[in-house]
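Note sheet for the following structure.
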Amino acid sequence: MSRPLFQATPGTRDLFSPHTDRMWELVEVFRDEAMLAGFAQIIPPMFEDIAVFTRLGESTDVVTKELYDLEDNGGRRLALRPEFTASVCRAYVQERPLIPWKAWYAGPAFRQERPQRGRYRQFDQVGAEVIGSHDPDIDTEVIALAASFYRRIGLNQVVLLINTLGDQADRPRYLEALRGHFSADLDSLSEQSRHTLEANPLRVLDSKRPADADLVAAAPLLIDYVSDDAASAFQRVQGGLRALEIPFTIAPRLVRGLDYYTRTAFEFASSALDAAQNAVGGGGRYDGLVADLGGPEEPGVGFALGVDRTLLACDSEGVFDPQPASPQVWVVAATAGTEALQLTAELRRAGLSVNRSFDGKSMKAQMKAANRSAAPVAVIVGDQEVADDTVSLRLMQGDGNQAVVARREMVSKVKELLQL
RNA sequence: GUGGCCGUAGCUCAACUGGUUAGAGCAUCGGGUUGUGAUCCCGAAGGCUGGGGGUUCGAGUCCCCUCGGUCACCCCA
């Protein structure tokens with residue numbers, strides 16, 4: 001077998017029907033949940049001035065090495081969005097909707113990294129952001145939105161991990177302590193982590209390398225270094241989650257990969273996923289980001305959920321498997337005229353979903369196609385029917401009852417058969 | 001960017017330590033039914049075994065290169 005001349009570029013893929021149906025359905029459920037919670041949809045552009053994203057942080061891989069950057073004809077430097085949060089904040093600064101502004105979104109994002117299971121260069125996210133409120137109850141509400149979404153699509157084995165990262169002002173003291181801790185035993189740290197320690201000590205806590213496990217486990221905890229304000233906000237979020245009966249686990253070493261997070265950070269992980277990429281969603285508070293993008297000092301909090309990973313989790317839990325709808329009617333053409341064309345159009349005008357075969361297939365082939373389509377009713381038009389101004393209606397289930405009806409009664413008879 | 005595994009029909013896979021003409025299931029098309037589906041029976045079509053080089057009397061099988069896929073590290077959704 002020779003490979004096709006062109007293939008989808010690495011990390012991208014063509015999604016076909018049962019999968020695309022699921023995706024739409026998933027977004028539909030998310031949309032419904034978001035609207036119930038008072039979020040309005042935003043559709044930001046897929047690319048932005050590259051600076052919008054580079055503001056996200058010098059030590060964030062997502063912007064330092066994974067960004068798709070492009071140059072337009074005018075020499076403008078653009079980048080495909082690696083996530084939505086920065087775009088949403090930029091849009092807020094630009095348009096200044098009333099606060100607190102609650103926005104949800106769905107769409108693709110792009111990162112240039114090595115693809116693997118559950119990680120693609122173009123991937124879909126759904127998410128929600130709230131800009132303009134410090135209230136920790138908003139954090140809880142945002143988490144609750146994600147949680148009820150997971151519940152509604154049927155996922156049970158999703159665990160919520162939460163942590164607080166404190167305020168920007170708390171950061172230096174903690175980083176100091178972290179550096180001290182790791183530097184004291186640099187030799188037992190993996191080489192990669194030594195690198196990470198230089199660039200961003202926080203991220204060392206994220207290391208999954210076995211070599212680092214002991215040292216990471218013994219590291220000082222963020223919670224001991226955060227301001228009273230941030231600590232009590234964290235308490236409030238926990239209390240809110242308990243009040244809503246949303247189970248959670250405190251993960252004192254959860255730091256997340258984007259630099260802009262402050263205070264509440266959270267992650268949803270699927271315990272049903274044995275792949276390495278088991279984080280199905282994540283988010284947190286980003287109180288300095290809007291200002292970093294040139295806006296007012298407005299706080300923000302939000303999350304993004306990975307559509308593909310969520311679907312993978314659904315696969316391994318065996319839930320959320322909506323089937324593509326089959327047509328209600330299959331038209332079988334056993335005549336050379338244009339009758340099949342007309343009948344099909346007429347049925348569709350009546351609001352029925354209709355499909356048929358083309359290319360002069362044999363009747364047998366058309367019946368097979370009708371059967372395969374799972375359409376409950378076949379409308380057959382041949383020379384005899386044309387001559388008599390009738391059509392034959394065949395019930396495709398059971399013994400295949402068939403009846404000849406007058407052409408002008410076709411629509412009502414079909415609807416009768418479909419019990420509409 | 002680094003490493004492991006894998007490339008055989010449209011899809012999923014066979015082919016003993018290298019040995020004639022590379023097989024099967026599903027799907028497709030045709031026939032059994034000159035206008036009738038799932039089932040059943042018969043048949044057809046479909047392959048430069050990813051590509052290139054090498055070893056050998058002989059390579060799908062062994063070696064090298066290359067391209068591609070995949071999983072993992074890193075990082076993240």
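By convention in this document, chain letters (A, B, ...) are assigned in the order of the sequence lines, proteins followed by strands, and residues within each chain are numbered from 1.
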Practice problem: Using only side-chain N and O atoms of A/Q7, determine if any of them is under 4.0 Å from OP1 or OP2 of B/G69. | Solution: no
Self-check item: Earlier contact from the 5' end, RNA chain B, for A/P10 and A/D124
Solution: A/P10
Practice problem: Measure the distance from CG on A/L26 to P on B/A77 and round it to the nearest whole Å. | Solution: 17 Å
Quiz item: Where the side chain of A/R117 is defined as all heavy atoms beyond and including C-beta, which of B/C71, B/A77, B/G35 is the nearest nucleotide?
Solution: B/C71
Exercise. Would you please say whether a donor-acceptor pair under 3.5 Å links the side chains of A/D139 and A/T264?
Key: yes
Quiz item: Hey, is the side chain of A/Q116 poking within less than 4.0 Å of OP1 or OP2 on B/A72, counting only N and O atoms?
Solution: yes
Self-check item: d(CZ, A/F358; P, B/U28) in whole Å
Solution: 18 Å
Quiz item: Restricting to pairs with a member in residues 142-166 of chain A, which pass ring-ring contact (aromatic ring centres under 6.0 Å, His included), not counting sequence neighbours?
Solution: A/F30-A/F149, A/Y150-A/F268
Quiz prompt | Those residues that, when tested against A/Q366, pass side chain to side chain donor-acceptor pair (under 3.5 Å) (two or more places apart) | solution = none
Quiz item: To the nearest angstrom, how far is A/R119 atom CZ from B/C73 atom P?
Solution: 8 Å
Self-check item: Minimum-distance nucleotide (side-chain atoms of A/R203 versus B/C75, B/U36, B/A77)
Solution: B/C75
Quiz item: How far, in whole Å, is B/U61 from B/G18 if one measures between their P atoms?
Solution: 11 Å
Quiz item: If only atom types and distance count, is the side chain of A/R263 paired as donor or acceptor with the main-chain N or O of A/D287 below 3.5 Å?
Solution: no
Quiz prompt | Integer-rounded Å distance: B/C75 P and A/L254 CG | solution = 14 Å
Quiz item: So, A/Y105 and A/Q125: side-chain donor and acceptor under 3.5 Å apart, yes or no?
Solution: no
Quiz item: B/C16 and B/G52: how far apart are their C1' atoms, nearest whole angstrom?
Solution: 29 Å
Quiz item: From the list B/A77, B/G35, B/C75, which nucleotide is the closest neighbour of the side chain of A/Q384?
Solution: B/G35
Quiz item: Does a side-chain N-to-carboxylate-O contact under 4.0 Å join A/D308 and A/R117?
Solution: no
Quiz item: Between A/R13 and B/G69, does any side-chain N or O lie under 4.0 Å from OP1 or OP2?
Solution: no
Quiz prompt | A/S87 versus A/E48, side-chain donor and acceptor atoms under 3.5 Å | solution = yes
Exercise. Taking atom types as modelled, find out whether A/N278 and A/S270 have a side-chain donor-acceptor pair closer than 3.5 angstrom.
Key: no
Exercise. Using a 4.5 Å cut-off on heavy atoms from C-beta on, say whether the side chain of A/F110 contacts that of A/M46.
Key: yes
Exercise. State, without any angle test, whether A/D321 and A/Q323 hold a side-chain donor-acceptor pair at a distance under 3.5 Å.
Key: yes
Exercise. May I ask you to decide if A/K361's main-chain N or O and A/D359's side chain share a donor-acceptor pair within less than 3.5 Å?
Key: no
Quiz item: What integer number of Å spans the C1' atoms of B/U8 and B/U12?
Solution: 12 Å
Quiz item: Name the stems that RNA chain B belongs to, where each is three or more consecutive Watson-Crick or G-U pairs with both distances under 3.5 Å?
Solution: B:1-7 with B:67-73, B:10-13 with B:23-26, B:28-32 with B:40-44, B:50-54 with B:62-66
Quiz prompt | Donor-acceptor pair under 3.5 Å, A/R372 side chain vs B/A38 base | solution = no
Quiz prompt | Whole-angstrom distance between B/C64 and B/C26, as gauged at atom P | solution = 39 Å
Quiz item: Roughly how many Å is it from CD in A/Q112 to C1' in B/C75, rounded to a whole number?
Solution: 14 Å
Quiz item: How long is the line joining CZ of A/R114 and C1' of B/U70, in whole Å?
Solution: 11 Å
Quiz item: Tell me: CG of A/D383 to P of B/U36, nearest whole Å?
Solution: 14 Å
Exercise. Quick one: label A/G118 by what it contacts on the DNA or RNA (base, sugar-phosphate, nothing), any heavy atom closer than 4.0 Å.
Key: base
Practice problem: Determine the contact category for A/Y120: base if any of its heavy atoms lies under 4.0 Å from a base atom, sugar-phosphate if only primed atoms, P, OP1 or OP2 are that close, otherwise nothing. | Solution: base
Quiz item: Which value, in whole Å, describes the distance between the C1' atoms of nucleotides B/U49 and B/C41?
Solution: 33 Å
Self-check item: Length of the line joining A/Y150:OH and B/A77:P, which is rounded to integer Å
Solution: 11 Å
Self-check item: Pairwise P distance for B/G50 and B/C42, with rounding to whole Å
Solution: 32 Å
Quiz item: For atom CZ of A/R242, is the number of surrounding heavy atoms from other residues, nucleotides or ligands below 6.0 Å larger than 12?
Solution: yes
Exercise. Could you pick out which residue, A/R256 or A/Q402, lies toward the 5' side of RNA chain B when each is mapped onto its nearest nucleotide?
Key: A/Q402
Check nucleotides 30-33 of chain B against the protein and report each pair of N or O atoms closer than 3.5 Å, with its distance, or say if there are none.
from, atom 1, to, atom 2, distance (Å)
B/G32, N7, A/K364, NZ, 3.4
B/G32, O6, A/K364, NZ, 3.2

Self-check item: Inter- and intrachain pairs under side-chain hydrogen bond (donor to acceptor under 3.5 Å, both in side chains), touching residues 403-420 of chain A, at least two apart
Solution: A/E346-A/R407
Quiz prompt | Within residues 305-332 of chain A, residues whose heavy atoms come under 4.0 Å of RNA chain B | solution = A/G306, A/R309
Quiz prompt | Between B/G4 and B/U66 - P atom distance, rounded Å | solution = 14 Å
Quiz item: Quick check: does any side chain N or O of A/Y174 sit under 3.5 Å from a backbone N or O of A/P220, one acting as donor and the other as acceptor?
Solution: yes
